[in-house]
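Throughout, residue positions are numbered sequentially from 1 according to the sequence presented. On a predicted model such as this, the values are computed, not experimentally measured, just so you know.
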Amino acid sequence: MRILVTNDDGIHAEGLAVLERIARQLSDDVWVVAPETDQSGVAHSLSLSNPLRLRQIEEKRFAVQGTPTDCVIMAVRAVMADARPDLVLSGVNRGSNVAEDVTYSGTIAAAMEGTLLGVPSIAISQAYMPGNREAIRWDCTESHAPGIIRRLLEEGIPEGVLFNLNFPNARPDEVEGVAVTVQGRRDQGIVQLEPRKDGRGNPYYWIAFQRSGKEPANGTDLKALAEKRISITPLELDLTHEPTLTRFARLFA
């Protein structure tokens, strides 16, 4: 099996090294094509106004001056053009990608692009305690991800579907199981703008987040992580809302 490993945290990210080790437990044909710099939050964007510059770091390892989506396109269409990957693994992201993160995440976008190109794809993220960004439990993902990926591949990933895996902030032996979940929804009040002023007194702003006190709904990715369970969420590329489609098709018939 030929595996493409990518991410949105950049070529030097610790989580990328973790994912490489996971991939090598599944195959000896592992390729890395990842962004030159941190591309967190760029979602499914393409670099249309700038050229894509490719830098080979070592055998089967490349950095791209572009987005995670650019990296997957570059890998499939150029770097690995002689033999397409059989699997795209994106991550391991520093921090969870749950609820509305799905629409912002470059990690998930890379898996989306792989799926669009017809390659089975999985996005992987590791949660951590807010305010404790450096004490992330990479060992949780590294211990449990290989077995989960194998089971997903054995069962078969449907066409047009990708899997979003999130691992809880816990030691490997503290994990309470696996939950197949739906995408949750946070209280949007957690997104804030933090006003500041530069040295000349001109205002600028940072997008900031605060913790939500709202209890996550049962069956969601948010609930699974809160209960120290691994969350597996199947995501579909087709965003059409079928009930509304039917309703308005009748209206305009």
Side-chain angles (χ1 to χ4, degrees), residues 6-10 12-16 18 34-49 66-71 90-113 123-138 140-141 162 164-170 179 181-233 235 239 241:
T6 190
N7 73 347
D8 73 354
D9 288 331
H12 301 297
E14 189 174 359
L16 185 69
V18 172
E36 188 79 65
T37 58
D38 189 344
Q39 297 289 309
S40 298
V42 302
H44 202 176
S45 59
L46 290 166
S47 296
L48 299 179
S49 301
T67 68
T69 300
D70 295 333
C71 290
S90 180
V92 175
N93 191 69
R94 182 185 289 271
S96 62
N97 273 310
V98 291
E100 64 278 355
D101 299 341
V102 167
T103 62
Y104 302 126
S105 169
T107 301
I108 293 176
M112 285 182 172
E113 190 61 32
I124 304 171
S125 303
Q126 173 62 55
Y128 64 86
M129 182 67 69
N132 201 12
R133 183 178 171 86
E134 301 308 317
I136 191 165
R137 298 304 314 235
W138 298 114
C140 182
T141 298
L162 61 129
N164 181 28
L165 274 57
N166 282 273
F167 292 81
N169 177 40
T181 60
V182 299
Q183 181 184 343
R185 182 83 180 266
R186 292 191 184 97
D187 177 0
Q188 288 306 297
I190 69 170
V191 181
Q192 304 288 332
L193 279 179
E194 184 177 304
R196 299 187 185 184
K197 290 187 177 181
D198 64 20
R200 302 181 67 183
N202 298 313
Y204 68 96
Y205 300 86
W206 278 108
I207 293 178
F209 300 89
Q210 62 184 22
R211 295 194 69 180
S212 173
K214 185 178 178 181
E215 181 70 20
N218 290 330
T220 64
D221 44 18
L222 292 164
K223 185 71 168 180
L225 292 187
E227 295 176 342
K228 293 188 176 181
R229 292 187 292 163
I230 298 165
S231 169
I232 302 176
T233 308
L235 301 176
L239 302 180
H241 189 256

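When Ile124, Leu225, Val92 are each tested for a side chain to side chain contact (heavy atoms under 4.5 Å, CB included) with Phe167, only one passes: Ile124.
We find the OG-CG distance between Ser96 and Leu222 to be 7.5 Å, quoted to the nearest 0.5 Å. Considering CG of Asp70 and CD of Glu36, their distance stands at 13.0 Å, rounded to 0.5 Å.
Closest non-hydrogen pair, Leu16 versus Gly10, comes out as CD2-O, 3.9 Å. Across all non-hydrogen atoms, the minimal contact from Thr141 to Gln126 is OG1-OE1, 2.6 Å. Heavy atoms only, all atoms of each residue included: Gly106 and Pro68 are closest at O-CB, 3.4 Å. Closest of all the heavy-atom pairs between Asp9 and Arg94 is OD2-N, 3.0 Å. Across all non-hydrogen atoms, the minimal contact from Ile232 to Leu165 is CG2-CD1, 4.1 Å. When all heavy atoms are compared, the tightest approach of Pro216 to Ala226 is CG-CB, 4.4 Å.
The salt bridge (Lys or Arg N to Asp or Glu O under 4.0 Å) search around Arg196 returns Glu194, not counting sequence neighbours. With sequence neighbours excluded, the residues satisfying side-chain contact (heavy atoms from CB on, under 4.5 Å) with Ala111 are Ser121, Ala123, Leu162. Shown here are the side-chain contact (heavy atoms from CB on, under 4.5 Å) partners of Leu48, two or more places apart in sequence or in another chain: Leu46. Considering only residues two or more places apart in sequence or on other chains, Thr220 meets the side-chain hydrogen bond (donor to acceptor under 3.5 Å, both in side chains) condition with none of them. Every residue meeting the side-chain contact (heavy atoms from CB on, under 4.5 Å) condition with Ala224, not counting sequence neighbours, appears here in chain and number order: Ala179, Thr181, Arg229, Ser231. Residues passing the side-chain contact (heavy atoms from CB on, under 4.5 Å) test with Ser45, sequence neighbours excluded: Val42, Thr67.
For the residue pair Thr107/Asn7, the side-chain donor-acceptor check at 3.5 Å is not satisfied.
A distance-only check finds a donor-acceptor pair linking the side chain of Asn166 to the backbone of Asn97 [under 3.5 Å]. No side-chain donor-acceptor contact under 3.5 Å links Asp101 to the backbone of Ser105. With hydrogens and angles disregarded, a donor-acceptor distance shorter than 3.5 Å links the side chain of Gln183 to the backbone of Ala99.
Side-chain contact check for Cys140 versus Pro168: some heavy-atom pair is nearer than 4.5 Å.
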